[in-house]
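The block underneath contains the structure these notes are about, expressed in structure tokens.
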Amino acid sequence: MDFTGKVALITGGTRGIGLAVGRMLAEGGADLILNYKSDAGNAEEIARELRDATSRRVEAIPADMRRPEQIKAMFERIRKEWDRLDYIVPNAAFGTMGRTERMGIMSWDATYEINVRSVMICAKEAAPLLRASRGAICAISSIGARVAFQEYAAIGSSKAALESLVRYLANELTPDGVAVNAVAAGPVDTRVINWFRNPEAVHRFARLHSTVGRIGTVQDVARVVVFLLSDEARWIVGQTITADGGVTLGVNFEDWLRKTGNDPDHPQEP
Ligand SMILES: NC(=O)c1ccc[n+]([C@@H]2O[C@H](COP(=O)([O-])OP(=O)(O)OC[C@H]3O[C@@H](n4cnc5c(N)ncnc54)[C@H](OP(=O)(O)O)[C@@H]3O)[C@@H](O)[C@H]2O)c1
């Protein structure tokens with residue numbers, strides 16, 4: 001896909017899925033604004049590496065997505081120094097794992113502030129630029145928005161709110177030529193897996209329950225995001241597309257048969 005002349009902002013864009021999206025967009029010709037929270041050394045190194053590899057304009061801009069004033073300052077800088085924005089990928093996320101009855105109110109609030117409120121602020125700040133470029137937004141959600149995983153209530157419910165926000169933003173912005181969609185990812189091999197009490201169990205879960213038989217890669221998700229940003233996807237409006245290797249299709253039937261003492265290779269006639 002050709003993104004020559006486009007400018008993309010990716011929140012939390014200096015590692016994981018966000019970085020994979022940025023890499024694909026830059027390889028397709030886009031210039032990049034990579035937002036990060038605090039690790040300036042890593043962010044500057046990533047920006048330099050992408051500039052060298054793609055010859056695109058790539059800039060890392062710090063802003064904590066929990067702080068509205070920092071988000072506004074980032075957009076002030078984008079308006080002043082870039083004066084153009086075609087795509088935003090709200091990807092930055094935070095999550096406190098734990099059962100709801102033990103969840104601290106501050107942790108719950110932080111999860112919603114970063115995963116939902118920051119997306120509203122970004123969309124609000126970006127809207128005039130996106131209208132001018134007839135651009136696109138593609139947010140990153142999680143399959144935990146629609147199924148209930150253990151100890152995932154804060155993140156899962158915040159992502160459900162994000163998916164709803166995506167529908168409302170699409171309703172408001174699509175008539176002005178701005179596409180808004182999301183991708184709900186299944187388990188992907190990034191450092192987020194370490195938020196779980198037992199990271200190896202997440203890998204096992206993915207191997208067992210993905211019909212593809214493996215955990216996702218950052219590229220598995222990034223490819224869908226990049227398509228949803230492209231002009232080719234303009235008939236998709238306000239949707240959340242699942243990219244989870246089949247994890248939410250249902251139980252792994254063969255595994256279930258084995259666990260119940262049946263041999264899936266030699267089924268018995270009833
Ligand atoms: N990996 C999975 O299994 C999985 C599954 C479903 C959905 N997702 C979603 O995929 C997205 C990317 O996650 P990932 O797996 O790629 O994890 P990751 O590598 O940890 O990336 C998360 C990014 O979010 C940024 N971030 C966190 N808090 C921030 C804040 N307050 N302000 C600005 N940036 C902040 C981080 O920036 P710093 O490095 O600067 O802190 C980091 O770049 C998230 O929306 C996540 O919910 C992931």
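Order of listing sets the numbers, starting from 1, for every ligand and every atom in it.
Nearest heavy-atom pair across Ser141 and Thr240 is CB-CG2, 4.4 Å. Across all their heavy atoms, Arg146 and Ala184 have their closest contact at NH2-CB, 3.1 Å.
Residues satisfying the side chain to side chain contact (heavy atoms under 4.5 Å, CB included) test with Asp189, not counting sequence neighbours, are His203, Ile215. The side chain to side chain contact (heavy atoms under 4.5 Å, CB included) check on Ile241 picks up Val224, Leu228, Ile236, Gln239, with sequence neighbours excluded.
The cluster map of Ile, Leu, Val, Met, Phe, Trp and Tyr, joined by side-chain heavy atoms under 4.5 Å apart, puts Tyr87 and Leu32 in the same cluster.
The immediate protein surroundings of ligand 1, defined as residues with any heavy atom under 4.0 Å of it, consist of Gly12, Arg15, Gly16, Ile17, Asn35, Tyr36, Lys37, Ser38, Ala63, Asp64, Met65, Asn91, Ala92, Ala93, Ile114, Ile140, Ser141, Ser142, Lys159, Ala185, Gly186, Pro187, Val188, Thr190, Arg191, Val192, Ile193.
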Ignoring hydrogens and angles, write down the donor-acceptor pairs under 3.5 Å from the side chains of residues 89-111, residues two or more places apart or on other chains.
residue : atom : partner : partner atom : Å
Asn91   : ND2  : Thr11   : O            : 3.1
Asn91   : ND2  : Gly12   : O            : 2.9
Thr111  : OG1  : Ser107  : O            : 2.8

